[in-house]
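Worksheet: one structure, shown below.
Each chain gets a letter, A, B and so on, in the order its sequence line appears, and its residues count up from 1.
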Amino acid sequence: MARVLITSALPYINGIKHLGNLVGSQLPADLYARYCRARGHEVMFICATDEHGTPAELAAAKAGQPVAQYCAEMHQVQADLARGFGLSFDHFGRSSSARNHALTQALAARLGAAGLIQEVAEKQVYSHADGRFLPDRYIEGTCPNCGYERARGDQCENCTKQLDPTDLINPRSAVSGSTDLEVRETRHLYLRQSLMREKLDQWIDSQRGWPLLTTSIARKWLHDGDGLQDRGITRDLDWGVPVQFDGAPWGGMEGKVFYVWFDAPIEYIAATAEWADANGLDDAAWRRWWRTDEGAQDVRYVQFMGKDNVPFHTLSFPATLMGSGEPWKLVDYIKSFNYLNYDGGQFSTSQGRGVFMDTALELLPADYWRWWLLSHAPENSDAEFTWENFQVSVNKDLADVLGNLVSRVTKFCRSKFGETVPEGGEHGPREAQLMADLTARLRAYEAQMEAMEIRKSAGELRALWVLGNEYLQEAAPWATYKSDPDRAAMQIRLALNLIRFYAVVSRPFIPDAARAVMAAMGCDDWSWPDDVAMALGTLPAGHGFTTPEVLFAKITDAQRGEWEACFAGPR
RNA sequence: GGGCCUGUAGCUCAAUUGGUUAGAGCAGAGCGCUCAUAACGCUUUGGUUGGGGGUUCGAGUCCCUCCGGGCCUACCA
């Protein structure tokens with residue numbers, strides 16, 4: 001028994017996430033959390049909505065709502081969708097919480113006292129019409145390089161030239177279109193990451209077995225050019241954690257808030273505190289997960305995220321925690337993912353391209369999506385979702401291999417012995433062989449899960465299911481029933497136990513179906529099959545069960561065609 | 001422009017870090033079974049590992065080069 005702290009990158013608040021977002025962090029994190037719990041480990045699985053920043057404010061404005069209300073509503077929407085997908089967070093928090101405000105300010109104060117924060121005066125574009133400072137990418141104008149008229153202030157997407165907003169010809173606000181812009185001087189706080197480069201570099205070097213994607217991105221930022229750059233951690237916005245607070249080691253920062261990438265990872269900790277609050281527990285309850293001087297020294301901390309989040313988690317957040325001089329728990333393993341593409345292009349939140357979490361659940365049960373996404377997780381390179389691949393994989397793996405196995409066993413038993421685990425007969429060599437095969441495969445499955453090799457884990461699980469079909473084919477209880485009914489009874493008794501076994505080991509991937517199968521078996525024993533032979537004796541002769549309805553209905557060609565057409569363009 | 005990742009059977013992916021004859025699943029072909037969601041099982045056809053060159057007893061794996069895909073980023077390795 002170990003203690004495992006698991007965090008998923010925080011989904012941004014400004015809308016419903018697509019399947020690419022889901023498979024990049026929350027879903028694999030959930031798989032791992034469920035597996036760890038199934039193995040009897042003590043798990044704290046944390047996620048939250050990332051609610052600060054300009055896009056949130058603009059999305060709220062577009063929806064005609066105060067930003068606080070907009071975020072509260074969208075948080076609820078995302079929480080409901082997470083539940084719909086079976087994401088088993090111990091707590092799904094909000095980066096706008098009072099806990100995060102307090103913790104972000106406290107950490108910033110520590111960093112300031114340690115000399116790791118610097119005030120920098122810089123020039124930013126202010127829009128009078130919008131009444132706000134505009135981030136570079138919200139300023140549009142004509143590209144001085146190629147003449148493209150809709151170049152953004154950070155980069156021209158036509159000629160790819162990197163730009164400064166002041167380079168643009170005829171600049172205007174992308175929010176309102178106003179040309180009433182002004183370059184103003186404003187002061188901001190910078191996190192002096194550059195001072196911690198050596199320490200971070202050694203820390204990264206000391207990690208073993210991290211995905212190449214994780215370490216290569218971290219090293220790129222550490223060693224590229226002049227090395228790790230200091231980064232601004234504040235912005236001129238209203239919505240966020242105020243930079244000026246009682247006890248702050250700086251003055252004159254009224255009207256500014258911390259920038260999202262600074263406060264968002266801190267929310268991992270704050271959300272754990274929110275969890276304690278929500279459960280009526282004291283501070284010690286959450287601090288034993290996060291403070292190595294208060295119980296977290298034996299915690300294993302694993303983070304899941306898409307590759308775009310790697311720099312913040314390998315460098316900025318560790319710099320924040322290390323720089324505080326306090327004994328905060330640092331991450332032990334960072335599992336990062338590439339992108340999932342949609343049918344030849346990218347999923348796009350802004351363009352509404354691809355399948356989003358809400359519509360996905362309207363089409364099919366969560367387990368269909370969970371299985372396909374996890375068994376095709378973009379671990380080593382970008383992966384691609386196509387409707388055809390989805391249909392073929394799901395029908396074959398879930399409906400044919402697993403669902404049909406449950407069906408053939410239960411229906412055969414019902415017709416020959418009734419809905420009761422049959423009595424009689426003794427295991428023979430073929431049964432011993434099955435146990436041995438199952439044990440070998442199960443150990444391989446466990447090893448892949450522990451290594452967080454998602455695709456390979458799915459492959460091993462599927463191989464476990466296949467063993468059941470192979471056994472049934474060879475044992476042929478429909479034939480032995482005629483010559484030796486006791487033997488058929490033994491075979492079916494084993495097969496029924498096998499179904500329960502599958503419910504247990506499959507639950508991390510397909511929790512809803514697993515629950516349905518377990519319920520049909522009239523059982524609630526989810527103990528992990530450390531000893532396979534013993535596990536396959538759980539349901540005794542005489543135990544009643546019910547024959548489940550079709551576990552996974554197949555996706556028809558008609559459905560696929562319809563969905564293909566329906567999702568071809570922006571929704 | 002620079003850096004990193006990547007290119008393996010029609011499709012989706014493996015290959016214990018240089019070590020026998022490059023393996024799985026799906027799709028295709030054949031056979032078997034009939035309990036089952038026309039499901040399952042067995043057998044089987046597919047690869048000059050993007051092209052070319054090199055190092056080595058030995059290269060999918062290392063080096064060079066060209067071609068293609070992706071990500072990150074800025075006058076710097």
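When the side-chain nitrogen and oxygen atoms of A:K554 are compared with OP1 and OP2 of B:A39, one or more of them lie within a distance under 4.0 Å.
When heavy atoms are screened at a 4.0 angstrom cut-off, A:V392 is found touching the sugar-phosphate backbone but no base atom.
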Show me the donor-acceptor pairs, under 3.5 Å and distance only, between side chains in residues 409-416 of chain A and residues at least two apart or in other chains.
residue	atom	partner	partner atom	Å
A:T410	OG1	A:V406	O	2.7
A:T410	OG1	A:S407	O	3.3
A:S415	OG	A:F412	O	3.0

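For a distance-only test at 3.5 Å, the side chain of A:N404 fails to qualify as a donor-acceptor partner of the base of B:A39.
Using the six-membered ring where Trp is involved, A:W372 and A:H376 have ring planes that are parallel, under 30° apart on the 30 and 60° scheme.
Residues of residues 411-439 of chain A that place a heavy atom closer than 4.0 Å to RNA chain B, in numerical order, are A:K411, A:F412. The stretch residues 453-476 of chain A comes close to RNA chain B through A:R455, A:K456, A:R462, A:V466, A:N469, A:E470, A:Q473, each having a heavy atom under 4.0 Å from the strand. Within residues 492-510 of chain A, no residue places a heavy atom under 4.0 Å from RNA chain B.
Under the 6.0 Å cut-off for aromatic ring centres, A:H313 and A:Y268 qualify, their centroids lying closer than that.
Residues satisfying the salt bridge (charged side-chain N to carboxylate O under 4.0 Å, His left out) criterion with A:K307, sequence neighbours excluded, are A:D382. Evaluation of the side-chain contact (heavy atoms from CB on, under 4.5 Å) rule for A:T439 yields A:R443, A:V532 as partners, not counting sequence neighbours. Residues passing the salt bridge (charged side-chain N to carboxylate O under 4.0 Å, His left out) test with A:R441, sequence neighbours excluded: A:E460.
Annotation: side chain of A:P211 is in contact with side chain of A:Y333 (closest heavy-atom distance under 4.5 Å).
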Pair assignment for RNA chain B - dot-bracket with | for other-strand partners, Watson-Crick or G-U under 3.5 Å: (((((((..((((.....[...)))).(((((.......))))).....(((((..]....))))))))))))....
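In this structure B:U17 sits in the syn conformation; its chi angle is within 90° of 0. Here B:G69 is in the anti range [glycosidic angle more than 90° from 0].
Sorted by first and then second residue, the side chain to side chain donor-acceptor pair (under 3.5 Å) pairs with a member in residues 498-511 of chain A read A:W465-A:S506, A:R500-A:T538; sequence neighbours excluded. Within the structure, every pair that satisfies the salt bridge (Lys or Arg N to Asp or Glu O under 4.0 Å) test and touches residues 465-485 of chain A, not counting sequence neighbours, is listed here: A:R430-A:E474. Note on residues 311-321 of chain A: no pairs pass salt bridge (Lys or Arg N to Asp or Glu O under 4.0 Å), not counting sequence neighbours.
We find that CG of A:L405 is positioned 13 Å from P of B:A36, with the value rounded to whole Å.
The nucleotide whose nearest atom lies closest to any side-chain atom of A:A383 is, among B:C33, B:C13, B:U37, B:C13.
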Filtered N/O pairs between nucleotides 1-8 of chain B and protein, under 3.5 Å:
residue	atom	partner	partner atom	Å
B:G2	N2	A:K220	NZ	3.0

